[in-house]
Amino acid sequence: MSNIRAIRGMNDILPGDTPYWQHLERSVSGVLASYGYAEIRLPVVEQTELFKRSIGEVTDIVEKEMYTFDDRNGESLTLRPEGTAGCVRAAIQQGLLGVPQRLWYAGPMFRYERPQKGRQRQFHQIGAEAFGVATPDMDAELILLTARLWARLGIADSVELQLNSIGNLAARQAYRAALVTYLEQHEQALDEDSQRRLHSNPLRILDSKNPDTQALLDSAPDLADYLDDESRDDFVRLRELLDAAGVSYVINPRLVRGLDYYNKTVFEWVTDRLGAQGTVCAGGRYDGLVQQLGGKSTPGVGFAMGMERLVLLLQETGALSAVDANLDAYVVSVGSDAQRAALAQVEQLRSGMPGLNMLQHTGGGSFKSQLKKADKSAARVALIWGEDEVAAGTVTLKPLRESDGERQAQQTVPVEQLQAVLTAVLASDTQ
RNA sequence: GUGGCCGUAGCUCAUCUGGUAGAGCACCGGAUUGUGACUCCGGAGGUGGCGGGUUCAAGACCCGUCGGCCACCCCA
C-alpha cells in the first residue's frame, strides 16, 4: 500500500479510548498531588550517553532497543526509553537536590521492540521519583501511593504487589558470583537464553519463564542470604510499614528488575488479566544513580506505570464504564435565516451557561436529517430554530431521551426564556 | 531478532473442493407539507494489503514483501 501509515508500534489513541486515558491521567495526578509530588516536564530526547550510563551498557534496552540518531552537529541523541534517567539529569542540572524532592512526570517513551498486547514502540508512562531520603519510609510512601491509586481506579482486586530486596552493590556482586558458580555446574540444563545470560547478566536468569530453568533455580543460592545488613534491616522495616498500613504483598525472591541502577528495594505491581505483559507499575530504589550521573551522592526511589496497560486493565475489568458523549443539546436550524438566529442566540446561551455542552449542526440538510443527527449525537435535548420560530422569536426545546420511562413533551418558548426553560428541562431529567 | 495465526466494503465477518464478491451493522435518500429512535423500501461504497508465479480462469493454490494479532526475548 502506498498510503502513508503510522510507524509500526506507534499507535493513534482514538476518541473511543481517550475518555479512559483522561480518567486515568486525572486520577494519577490527583493522587500524586495529594501526597505532595510536583510535576516536572522533561525533554523526550536526551544525549545517548545519559541512558548508557544509567540504564546499563549491557541491558537489552541499551544494546538493541533505543531509537538513537545523530543530531545535525554530529552529537548522538536518543529518544528516551524510560523516564528516570532524564529526571535525575534534570534534578542534578537544575539544582533540585539540596532538599528532599518529590517529583512526577508523564509522557511517551520509546523502545524498538516487537509490538504485542500491552507493548508498543511508543508507549506512555507516568513516573514518580523521590530524592534525598535513604530510609524505607520513603519506599513505603511510594507503594502506598500506588495502592491508593488502584483503589481509586477500582482495579485493586486485579493487581498484586511483588516485593524484593536486591541489596547493595557488594552484596549483589557476591551473590552473582555464587549464582554463576552454581549455574555453571548445570550449564547444559539451562535454556538457550539463560546460557547466553549466564555471563552477561546472570541475575536476569532468576525470572526466566522456562520451567526447567526455574526448577534448577530451586536449589540455587538465595539472594536473601547475601544481603548486606543495612539492606536486610531496611527491607524488614519496609515490610513493617506496609503491614501496618494494611497493604498486602508477596515476597518474590526472584524479582530482580532489568535496569542496572536499582539497589535494595524493588517492586512490581502485576496482573494476570493482560496476557504476557502483566507488569503494570514497577520501581525501586537507586541510591547510586545521582552520583553515577555526576551529581552529589543522593539517594533516590521511584516507580513508573504503563498507561497503555492500565487503560487495558480498566477496560478489561469494566472498572470504568464507557463514558458517553455527555452532550446536553444539539442545535437544529433549517434555512439561512434560522441558522443566523440560532448561531447568535446559542452564543448567548453559551455565555450564560458556560458548562453546557452543545453541538451546533453544520453542513445544512433537511429538518429530518438534522434531527436524526441530533438523535445520533446522544444529546439530551434538541434546540430547534425553524422558519416559524424565527418569525415568532421563539425556539423549540425537544427532549430526546426518556427518563423514568417517560419523555417530556417538547415546548416552544420565547428566546428570552431559553436559558431558564433549558435549565429546568435538563434539571428535571435525571439523566 | 525468533515462532504461530491472520490480512475481503467505515466496522464485524461470509464466499463449500479455484470460474471474474456478499451479509449484518454503520452511512445516504424515501415512506406526511417542520420532528429523531421502531418498521418498510431504495441507494452508495471493495483494483479482496502489495508484488510476482501456477492456471483457460485465483480473493481462494505457491513464493516474496508489507502490515496486524499473540507468544518468546525484554520490559511499563
Side-chain angles (χ1 to χ4, degrees), chain A residues 1-3 5-9 11 14 16 55 59-66 80-84 106-127 146 159 191-194 196-197 201 204-205 207-210 255-259 267-271 274-284 302-313 330 332-335 338 361 365-391 396-402 407 409-410 412:
Chain A
M1 184 175 293
S2 62
N3 285 339
R5 33 167 55 252
I7 305 304
R8 158 118 93 157
N11 299 335
L14 302 177
I55 297 168
T59 58
D60 278 21
I61 292 179
V62 170
E63 279 183 342
K64 52 190 191 194
E65 295 177 0
M66 294 204 302
R80 61 181 182 194
E82 59 102 40
T84 299
M109 308 293 164
F110 302 86
R111 291 190 333 213
Y112 188 89
E113 299 181 276
R114 196 78 173 262
Q116 70 183 75
K117 187 181 180 75
R119 188 173 73 189
Q120 38 280 122
R121 291 180 175 179
Q122 174 176 333
F123 60 104
H124 299 79
Q125 290 187 336
I126 295 183
T146 51
V159 293
D191 61 273
E192 203 178 319
D193 288 315
S194 295
R196 176 172 49 76
R197 282 180 298 204
N201 202 347
R204 299 296 302 160
I205 297 175
D207 53 18
S208 165
K209 285 180 185 171
N210 185 292
L255 178 65
V256 290
R257 317 262 32 259
L259 286 60
F267 66 92
E268 284 190 12
W269 288 95
V270 298
T271 178
L274 295 183
Q277 309 305 325
T279 302
V280 117
C281 173
F303 65 76
M305 58 185 86
M307 295 290 103
E308 280 81 359
R309 292 180 186 178
L310 286 168
V311 166
L312 282 174
L313 193 54
Y330 191 100
V332 168
S333 62
V334 185
H361 179 85
S366 68
F367 203 95
K368 192 188 190 78
S369 69
Q370 289 195 32
L371 268 180
K372 268 190 182 174
K373 296 270 170 52
D375 184 49
K376 289 273 162 52
S377 77
R380 297 165 65 192
V381 175
L383 300 180
I384 301 170
W385 275 267
E387 280 181 30
D388 299 348
E389 284 85 351
V390 174
T396 297
L397 292 80
K398 179 182 174 69
L400 298 170
R401 313 292 151 205
E402 294 187 353
R407 186 166 49 250
Q410 72 177 50
T412 300

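Residue numbers start from 1 in every chain, and the chains themselves are labelled A, B, ... in the order their sequence lines are given, proteins ahead of strands.
Contact between the side-chain N/O atoms of R8(A) and the OP1/OP2 oxygens of G68(B) is found at a separation under 4.0 Å. The phosphate of G36(B) has OP1 or OP2 within less than 4.0 Å of a side-chain N or O from K368(A).
The listed nucleotides are G34(B), C70(B), C73(B); the one nearest the side chain of Q277(A) is C73(B). Side-chain proximity of R196(A) to the nucleotides C27(B), C73(B), A71(B) is greatest for C73(B). Considering only the side chain of R407(A), A37(B) comes nearest among A37(B), A71(B), A76(B). Closest approach to the Q410(A) side chain among G34(B), U35(B), C72(B) is made by U35(B) (side chain taken as heavy atoms from C-beta onward). Closest to the side chain of Q116(A), from the set C28(B), G29(B), A71(B), is A71(B). When distances are taken from the side chain of L259(A) to each of G67(B), U35(B), A76(B), the shortest belongs to A76(B). Closest to the side chain of K372(A), out of A37(B), A76(B), G34(B), is A37(B). Closest to the side chain of I384(A), from the set C69(B), A76(B), G34(B), is G34(B). In this structure, of G67(B), G34(B), C73(B), it is G34(B) that holds the atom nearest to the side chain of T396(A). Comparing C28(B), C73(B), U35(B) by their closest approach to the side chain of K398(A) singles out U35(B).
On the C1' atoms, G59(B) is 34 Å away from C40(B), given to the nearest whole Å. Comparing C28(B) with C5(B), their C1' atoms sit 38 Å apart, to the nearest whole Å. Between the P atoms of G46(B) and A21(B), the separation comes to 13 Å (whole Å). One C1' atom belongs to C13(B), the other to C73(B), and the distance between them is 34 Å to the nearest Å. Spacing of P atoms, U33(B) relative to A44(B), comes out at 23 Å, to the nearest Å. Between C66(B) and G51(B), the two P atoms lie 15 Å apart (nearest whole Å). For the C1' atom pair drawn from G68(B) and U8(B), the interatomic distance equals 15 Å after rounding to whole Å. Going from the P atom of C27(B) to that of C70(B) covers 29 Å, rounded to whole Å.
Regarding Y330(A), its OH atom lies at a distance of 14 Å from the P atom of A37(B), rounded to whole Å. Atom P of nucleotide C28(B) and atom CG of L371(A) are separated by 13 Å, given to the nearest angstrom. A71(B) atom C1' lies 13 Å from atom NZ of K117(A), rounded to whole Å. Taking atom CG on D388(A) and atom P on U35(B), their separation rounds to 12 Å, with Å as the unit. For E113(A) and U2(B), the CD to P distance is 16 Å, given to the nearest whole Å. Between the CG atom of D191(A) and the C1' atom of U2(B) there is a distance of 14 Å, rounded to whole Å.
Atom CZ of residue F123(A) and atom CD of residue Q277(A) lie 11.0 Å apart, to the nearest 0.5 angstrom. Atom CD of residue E82(A) and atom CZ of residue R111(A) lie 7.5 Å apart, to the nearest 0.5 angstrom.
For the 3.5 Å distance criterion, the side chains of T396(A) and Q410(A) fail to qualify, holding no donor opposite an acceptor. Between the side chains of W269(A) and T279(A), no donor-acceptor pair is found at a separation under 3.5 Å.
Side-chain N/O atoms of E389(A) and base N/O atoms of G34(B) include a donor-acceptor pair closer than 3.5 Å. Residue R111(A) places a side-chain atom within donor-acceptor reach of the base of A76(B), judged by atom type and a 3.5 Å distance cut-off alone.
Residue E387(A) is in base contact, counting any heavy-atom pair closer than 4.0 Å across all strands shown.
R309(A) places a side-chain N or O within donor-acceptor distance of the main-chain N or O of G118(A), the cut-off being under 3.5 Å. Side-chain N or O atoms of E308(A) include one that pairs as donor or acceptor with a backbone N or O of H124(A) at under 3.5 Å.
Nucleotide A23(B): paired with U12(B) (Watson-Crick or G-U wobble, both distances less than 3.5 Å). Pairing partner, U2(B): A71(B), with both Watson-Crick or wobble hydrogen-bond distances short of 3.5 Å. G51(B): Watson-Crick or G-U partner is C63(B), with both key distances under 3.5 Å. When Watson-Crick and G-U wobble pairs are counted only if both distances are under 3.5 Å, C40(B) pairs with G30(B).
Nearest-nucleotide positions on RNA chain B place Y112(A) closer to the 5' end than the other of Y112(A) and P399(A).
Each of K398(A), R380(A), R401(A), K368(A) was evaluated against D375(A); a single residue qualifies, R401(A), per the salt bridge (Lys or Arg N to Asp or Glu O under 4.0 Å) test.
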